[in-house]
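Okay, structure first, notes after.
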Amino acid sequence: LDSLHLESIGSMAHHAWNPECKVYVGGLKDETNKFDLEDAFSAIGKVVNVWVARRPPGFGFVEMEDPRDAQDCVRKLDGTRIAGARVKVEMSKGTKTKRDYEDRRRGRYRSRSRSRSRTPPRRRRRSPSYRSMSPRRSY
């Protein structure tokens with residue numbers, strides 16, 4: 001039964017997990033796998049799901065069964081070593097919804113800096129190199 005539980009970990013997409021129970025883990029080595037994370041986190045509480053990024057590698061998410069266990073994981077595991085790497089452990093910042101993604105594609109959330117970047121830059125009267133070539137006046 002335990003081997004079946006291990007195989008099923010990570011089968012659900014991490015963006016569908018309970019945000020109150022979802023923990024971010026950063027600073028992982030490329031070869032770290034979901035079993036390394038499960039071993040570390042299961043010492044604190046029941047692990048529901050584990051997902052480790054591959055492209056790009058270096059981070060992952062763990063979903064705990066209870067939000068209090070998730071908070072305990074942050075307190076107890078942040079700054080510790082998992083699979084040989086010192087890790088950053090914090091509560092996940094949440095997820096983007098499908099609507100957020102669609103609105104962004106339609107341009108509803110464009111920032112001012114992005115819209116400004118499409119206007120041509122203002123020209124200076126003199127270039128910096130021209131100024132440096134002009135004779136300096138001494139008084």
Side-chain angles (χ1 to χ4, degrees):
L1 184 65
D2 283 332
S3 63
L4 179 63
H5 173 68
L6 290 175
E7 290 175 20
S8 68
I9 289 195
S11 61
M12 190 166 101
H14 70 88
H15 55 81
W17 298 356
N18 180 351
E20 293 180 355
C21 300
K22 185 177 176 183
V23 180
Y24 166 83
V25 187
L28 300 174
K29 288 187 171 185
D30 292 1
E31 60 274 5
T32 302
N33 63 46
K34 61 186 179 182
F35 303 110
D36 296 323
L37 293 183
E38 189 196 13
D39 288 346
F41 282 74
S42 64
I44 296 169
K46 184 167 184 203
V47 175
V48 178
N49 283 300
V50 178
W51 180 84
V52 177
R54 291 290 162 228
R55 281 178 271 166
F59 71 97
F61 293 99
V62 177
E63 182 184 21
M64 303 301 290
E65 185 176 63
D66 188 296
R68 292 170 295 187
D69 288 340
Q71 292 287 345
D72 287 345
C73 288
V74 171
R75 281 192 294 276
K76 294 177 181 177
L77 296 176
D78 186 35
T80 63
R81 290 190 178 276
I82 296 177
R86 191 168 300 280
V87 295
K88 176 69 179 164
V89 179
E90 58 189 32
M91 292 304 295
S92 177
K93 303 279 193 269
T95 60
K96 299 282 185 196
T97 65
K98 186 176 179 182
R99 180 172 178 188
D100 290 338
Y101 174 75
E102 289 170 354
D103 287 347
R104 182 163 296 198
R105 285 190 66 199
R106 285 189 211 118
R108 289 187 186 177
Y109 290 109
R110 284 195 182 141
S111 67
R112 285 185 170 187
S113 61
R114 181 173 173 181
S115 62
R116 280 189 203 138
S117 67
R118 293 184 178 188
T119 60
R122 293 182 180 176
R123 293 196 170 255
R124 293 181 176 173
R125 289 185 200 166
R126 293 183 174 176
S127 68
S129 60
Y130 180 74
R131 266 192 224 132
S132 65
M133 292 172 54
S134 61
R136 293 184 180 183
R137 294 183 185 177
S138 57
Y139 295 99

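Computed from a predicted model, the values in this text were never measured in an experiment.
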With sequence neighbours excluded, tell me which residues meet side chain to side chain contact (heavy atoms under 4.5 Å, CB included) with K88. D78, E90

Looking at residues at least two apart in the chain, or sitting in another chain, which of them share a side chain to side chain contact (heavy atoms under 4.5 Å, CB included) with A53? W51, F59

Quick check: do R54 and N33 have side-chain heavy atoms less than 4.5 Å from each other? yes

Within the 4.5 Å heavy-atom criterion, are I82 and F41 side-chain neighbours or not? yes

Considering all heavy atoms, the nearest V23-V74 contact: CG1-CG2, 4.2 Å

Tell me every residue that passes salt bridge (Lys or Arg N to Asp or Glu O under 4.0 Å) with E20, counting only those two or more places apart in sequence or in another chain. none

What donor-acceptor contacts under 3.5 angstrom involve side-chain atoms of residues 24-31, with partners at least two apart or in another chain?
none

Between the side chain of D39 and the main-chain N/O of D36, is any donor-acceptor distance below 3.5 Å? no

Sequence neighbours excluded, the answer for side chain to side chain contact (heavy atoms under 4.5 Å, CB included) partners of C21 is N18, E63, P67

Residues that R68 engages under salt bridge (Lys or Arg N to Asp or Glu O under 4.0 Å), provided they are two or more places apart: D66

Evaluate the side-chain proximity of V47 to V62: yes if any heavy-atom separation is below 4.5 Å, no if none is. yes

Taking side chain to side chain donor-acceptor pair (under 3.5 Å) as the definition, give me every residue that meets it alongside D72, ordered by chain and number, with sequence neighbours left out. R75

Distance, nearest 0.5 Å, that separates OG of S42 from CD of E65: 12.5 Å

Which residues share a side chain to side chain contact (heavy atoms under 4.5 Å, CB included) with R86, sequence neighbours left out: R81

